[in-house]
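Let me begin by presenting the structure, written as C-alpha cells, before commenting on it.
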Amino acid sequence: MSRQSVAKAHEKIQELAWAPLYHEPVSQYGTDYTFSKANKKDPLKQVLRSYFPMQEEKDNRVYGASDGAIRGNMFRQVEERWLEWQKLFLSIIPLPEISAARAMPLLFRTVPNAELHNGQAIQMIDEVRHSTIQQNLKRLYMQNYIDPAGFNSSLRNFQNDYCGTIGRQFAEGFITGDAITAASIYLTIVAETAFTNTLFVAMPAEAAANGDYLLPTVFHSVQSDESRHISNGYATLLMALADEGNHQLLERDLRYAWWNNHRVVDAAIGTFIEYGTKDRRKERESYAEMWRRWIYDDYYRSYLVPLEKYGLVIPHDLIEEAWNQIWNKGYVHEVAQFFCTGWLANYWRMDGMTDKDFEWFEYKYPGWYDKYGAWWENYNRLSMPNGHNPIVFEDVNYQYPQRCWTCMVPCLVREDMVMAEVDGHWRTYCHEACRWTDVEAFRPTFQGRETPNMGQLIGKREWETLYHGWNWADVISDMGFVRDDGKTMTAQPHLDLDPKKMWTLDHLRRCPPLQSPNVLLNEMSDDERQAFHAAYVRGGPAGRYAPASA
Amino acid sequence: MTSTIERNLPHPHFTDAEAGAKEFPDAHARTFNYFVPAKRRPTHYEDVTVEVQPDPRHYLSQGWLYGFSDGRGGYPLEWTALKAWGSDRPVPERYPGSGGRGYDWPALGWHEFRDPNEEWELTLYRYNSNVVRQINANIDTARESKAFEQWNRNWVHFVERHVGAWMHVEQGLGLYLFANANRRAPTNMHNNAISVNSMHRIRFAQDLALYNLSLTDEIEAFDGTAHIATWNSDPAWQGVRMVAEQLTGIDDWCEAIFAANVVFEPLIGELFRSHLVQQAAPGNGDFVTPTVVGAGEYDYASRDLRYTRAMFELLVRDREFSDHNKTLLNQWTATWTGRCLAAARTLQPLWSQPDWKPPRFEDGLDLCKNRFSALLADLELTTPKELKQ
Ligand SMILES: [Fe+2]
Ligand SMILES: [Fe+2]
Ligand SMILES: [Zn+2]
C-alpha cells in the first residue's frame, strides 16, 4: 500500500469504534484508577490487511532459519553450558507471553478508549504468536540437542519448581489484581518497556556467541512486535496521568513493578548471560554494562524521567538501589551461586566455572574472586559423585538462605533481609522494598486510601515448606525430575553425560532430609528469631555465615 | 593493497552437542512427556499449546501466586456454569510436608479439548494472510475491469449502508465478546482458539471497512459514512444491534461463545451474509462483494464453528456432567433463540431494497432454522419452542 493509502486506511478503521446504545459489555475487572479527564491518545494503529502478511513474512524468515540450522548441523557448535540454561528460560517464557495475551481484556472496560482496544486485541494475538513460536523453539531443541532431559518435561518442571515460581510472577502479575496495575503498569510500562531489551536482545546476542543462532532469530522476531505494545502502554499511561487522583496509585505501582521486575528478571537473565556463556572475550559487555545502557540510560533516563513533567513520581531511589544491587552487592553472582547450590532441586545441568571464567569475572567485577572464587572451586570439587553429598550438604561455608515472601528469590544479599509477622506468620523478605510490596502495597487500603481492587499475593510462596522433613530422593521423584532409567537425575552439577558420573536418586537417599527455612523460623521463640535475624544480616557475601564475633 | 580490520568475534568450535552423539538416560526421550496426546502421537499443535496455561489440580504445586482482590487467582472454573469431569474435586491442599503432587494429568475434562483447526501462530498468520491477499486481489481486479460501474443505484446504497453496517457486528463481537473471553477459559487450548476466532472477526470487520473505503474511491454516488448512520439509527438494524450488544454483556464465557457461535451466527449471521448479500449481489451486477463477505462466512462456517462444535460436544458427552451441561445449554438455547429470532425479523425490510430481489426472507430464515436445528441435534440439544415463532 502507498503511504497515502495507509494513512487513509488508518483513518477508515477508526469508524469501527462504536459505543453501545442498549446494553453495556460485561465488566469483569476492577481498578481504583479513574479516567474522567483523560484525553484520548492515539496509539499506533495497525491495519490487519498489512499486519498479517508482515507477520507471515517474519515467520518465513524464522522457519527458514530453523530448517537451515538443522541442515547445517548447528548443534555441533552449540555450547552445552548455554543450552542447559535454556531449559529453564524456555520453560518459563511461554507463560508470560500467553499471559500478556490474556491480560489485554483487563483493559477493555477499565480504559475508556475504543481506539486503544483495537491495538490491545492485536497485542493479544502477537502474544499468542510469541508463546507458540517459543514453544516451537524449545521443541526443536528437544529434538536436536544432545540432552533432551528437562526440555522433554519442561512445563511440568516449570510448574513444580521454585525457579518456575519466581518466573511465574512475571506472568500472573499481568492478569490479576487491579486491572491497570497489572495489565498496564506491571506488564507494559515496566516489563515490556524496561526489560524486554535484556530478554530479547541481550540474551540472543549471548546465544549467538555460544553457537546458537536460532534463538536470536526467534527472539528478534518477537522483539519486533514490542514497540507496538510499548506504544499501547504509553497511551494508557498518559491517559491515567490526566486524573490527579491516579498519581498516588501510579507511584505505588511503579515502585512495586520496577522492584519486582528487577528482582525477577535480573536474577534470571543476569545469570544466563554471566554464568551460562562460554564467551569470555574482555570486549564482551557484562550484564551490568548492558543493564546500565539499556535499562538505566534508555529506559530510566530517556523514557521515565521525561514523564516527570506530567506528574509521574518516579522511584529514583529504587532505580539507584537496583543498580547498587547489581554493581556493588553482587546480586547476579549471588543468584547464580544459589542456583548452583540448589542444582539438585532443578531440571537442567549447571556447568561449573573454570580459571578462564574466573579471570573474566575478576576483570569485569573487580574483587569477584575473593568473594566467590573459593565456593566455585568447591563446586567443581564436589561435582561428580564420589562418596560425598551434593554441595548444599557439604561444609563450604554457605548458609542456605531464607526465601523472600514477595519476589520468591531467596534473601541472598544477607544484609538486606527483613522480617514481618503477617496474620500470625513470620515472613522474610529479600529487601525492604519487597516487604513494602507485601505489607503495604498489596492491601485493600494504601496510605489511608481505599484500594478495594488491589490484588493479593497468594499461594504457597515458600517451596521448601511443601517438602519439609522429606527425604531428597522422594522430593525429586515427586517433582518428576528423573530420567527414563527411573533413577538418574535430570539435573547435574556438571556437563559430563557418562552415566557413571551422573547423580542418581540413590545418592540423594542418603542425604539429610529437606528442612524448610521458613518452617524453622516460625518454630523459633521470639528471642531466637531476633538472634537469628541479627546473625543472618551479618552474613555474606557469597552466602558465608556471619563471623563468630561481631 | 587492502588491509583487514581485526574484528573481535566469538569463535565457534566443535562441541558435538548433537542429538545421538552419546548414549545416556533420556538420550532418546525426545517428546514432551507432561501430557497425554489426543491420538497416539502428539501433534505439532499440541506440542506448542498444551499445558502452557497451568492448572493447580495436576501440577503447579505451589498454587497460583497472584490473586484478584477477592483472593482468586489464575483461571477460576466458576467463570462458567458448565462443568467438565473432575471439576468438583477440590484443588489439592498444600501444607508443611504435603508434597507437591496433584491428580494425575489431566485431572479435569477441560484439558481434553483440542482445537480441530490446530491453530497456532504459523497457521493463523498463513491463513489470514492468504485471506487478505485474496480479497485485495479481487478488489484490484474488479477496479481494473470497471466492475463497479455495473452496479445499479439501489445496490450502491444497499452495499454502503447494509453491508457496511455488518462491520460493526464483527468488530463489537470480535473485541468485547471473543477477545474478552480469551482471559476466561481454564485451558490454553480454549483460550488460543478463542483468540484466533477474535482475530477472524476483527479482520473481517476491517476487510469490510477497507472495502467500503475502496468503493468510496471508485463509485461517485457511494457514501462512505452511511454505514454509521445505518448502524446508529436505521430501525432495520436496531434489533441486531441490541442483541449483539446483549451478547457482549454475558458474564459466563461458555454462554458467550455458545450464544454467539451456535445461536447468533446461524440465525442472524448466515441469514444476512448467505441468504441476503450473497444471493442478491450477482443479480444486481455485483460479483465482488460476495468474495469479501464470503471470506467472513468461510471463517465462521469452516473454522470457528468447527472448534465451537468440538468444544461443546465434549461437554455434552462429559462422563460426569453431561446432564448438567445439557440442561444449561438448553436453557441458553431457548433464551438466545428467542432474542436472535426477534432480531432476525427486524432485518426483513432489507430483502425488498435491491432492484433484483433475493429469495424470500421467510425461505432464507427457514433454511437457517433447519441448519440451526441440525446443529443442535448434533450437540444432543433440543430444538427450543422459541424456534417455531
Ligand atoms: Fe510478547
Ligand atoms: Fe509484548
Ligand atoms: Zn524479594
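In what follows, every chain begins at residue 1, and chains take the letters A, B, ... in the order their sequences are listed.
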Original post:
Where does A:D279 contact chain B at under 4.5 Å (heavy atoms): side chain, backbone, both or neither?
Top reply: side chain
Original post:
Does any heavy atom of chain B fall under 4.5 Å from the side chain of A:L106, the backbone, both, or neither of them?
Top reply: side chain
**OP:** Select one option (side chain, backbone, both, neither) describing which atoms of A:D126 are under 4.5 Å from chain B's heavy atoms.
**Re:** both
Original post:
Can you say whether A:W463 sits under 4.5 Å from chain B via the side chain, the backbone, both, or neither, judging by heavy atoms?
Top reply: both
Subject >> Region of A:D147 in contact with chain B, defined by heavy-atom distances below 4.5 Å >> reply: both
**OP:** Select one option (side chain, backbone, both, neither) describing which atoms of B:D217 are under 4.5 Å from chain A's heavy atoms.
**Re:** side chain
Original post:
Is chain A contacted by the side chain of B:D70, its backbone, both, or neither, given a heavy-atom distance below 4.5 Å?
Top reply: backbone
Original post:
Which value, rounded to the nearest 0.5 Å, describes the distance between B:Y59 atom OH and A:D161 atom CG?
Top reply: 14.5 Å
Original post:
Are the aromatic rings of B:H168 and B:W237 close, with centres under 6.0 Å apart?
Top reply: no
Original post:
By a 4.5 Å heavy-atom criterion (distance strictly below it), what part of A:S153 contacts chain B: side chain, backbone, both, or neither?
Top reply: both
Original post:
Which bit of A:A101 comes within less than 4.5 Å of chain B, counting heavy atoms only: side chain, backbone, both or neither?
Top reply: both
Subject >> Region of B:Y95 in contact with chain A, defined by heavy-atom distances below 4.5 Å >> reply: backbone
Subject >> Mutual orientation of the aromatic rings belonging to B:Y176 and A:F108 [parallel < 30°, tilted 30-60°, perpendicular > 60°] >> reply: perpendicular
Original post:
Of the backbone (N, CA, C, O) and the side chain (C-beta and beyond), which part of A:A205 lies under 4.5 Å from a heavy atom of chain B, both, or neither?
Top reply: neither
Original post:
So does A:E84 pair up with A:R81, basic N to acidic O under 4.0 Å?
Top reply: no
Original post:
In terms of heavy-atom proximity below 4.5 Å to chain B, should A:M74 be classed as side chain, backbone, both, or neither?
Top reply: neither
Subject >> Structural part of B:V50 lying under 4.5 Å from a heavy atom of chain A >> reply: backbone
**OP:** Kindly confirm or rule out a cation-pi arrangement of B:R30 over A:Y145, judged by NZ or CZ under 6.0 Å from the six-membered ring centre and within 45° of its axis?
**Re:** no
Subject >> Contact class of B:H44 relative to chain A, heavy atoms under 4.5 angstrom >> reply: both
Original post:
Which class fits the ring pair B:Y125 and A:F52: parallel under 30°, tilted 30 to 60°, perpendicular over 60°?
Top reply: tilted
Original post:
Between A:S477 and chain B, which part of the residue has a heavy atom less than 4.5 Å away: side chain, backbone, both or neither?
Top reply: backbone
Original post:
Between A:I98 and chain B, which part of the residue has a heavy atom less than 4.5 Å away: side chain, backbone, both or neither?
Top reply: side chain
**OP:** Name the region of B:A205, side chain, backbone, both or neither, that has any atom closer than 4.5 Å to a heavy atom of chain A.
**Re:** both
**OP:** Select one option (side chain, backbone, both, neither) describing which atoms of A:Q169 are under 4.5 Å from chain B's heavy atoms.
**Re:** both
Subject >> Check: B:Y34 ring centre within less than 6.0 Å of B:H58 ring centre >> reply: no
**OP:** Could you look at B:V132 and say if it's the side chain, the backbone, both or neither that has a heavy atom under 4.5 Å from chain A?
**Re:** side chain
**OP:** Answer with side chain, backbone, both or neither: which region of B:S195 has an atom nearer than 4.5 Å to a non-hydrogen atom of chain A?
**Re:** both
Original post:
For the candidates B:L213, B:T216, B:L208, B:D16, which exhibits the highest count of non-hydrogen atom pairs separated by less than 4.5 Å from chain A?
Top reply: B:L213
Subject >> Part of A:R139 within contact of chain B (heavy atom distance under 4.5 Å) >> reply: both
Original post:
At a heavy-atom separation under 4.5 Å, does B:L175 approach chain A through its side chain, its backbone, both, or neither?
Top reply: both
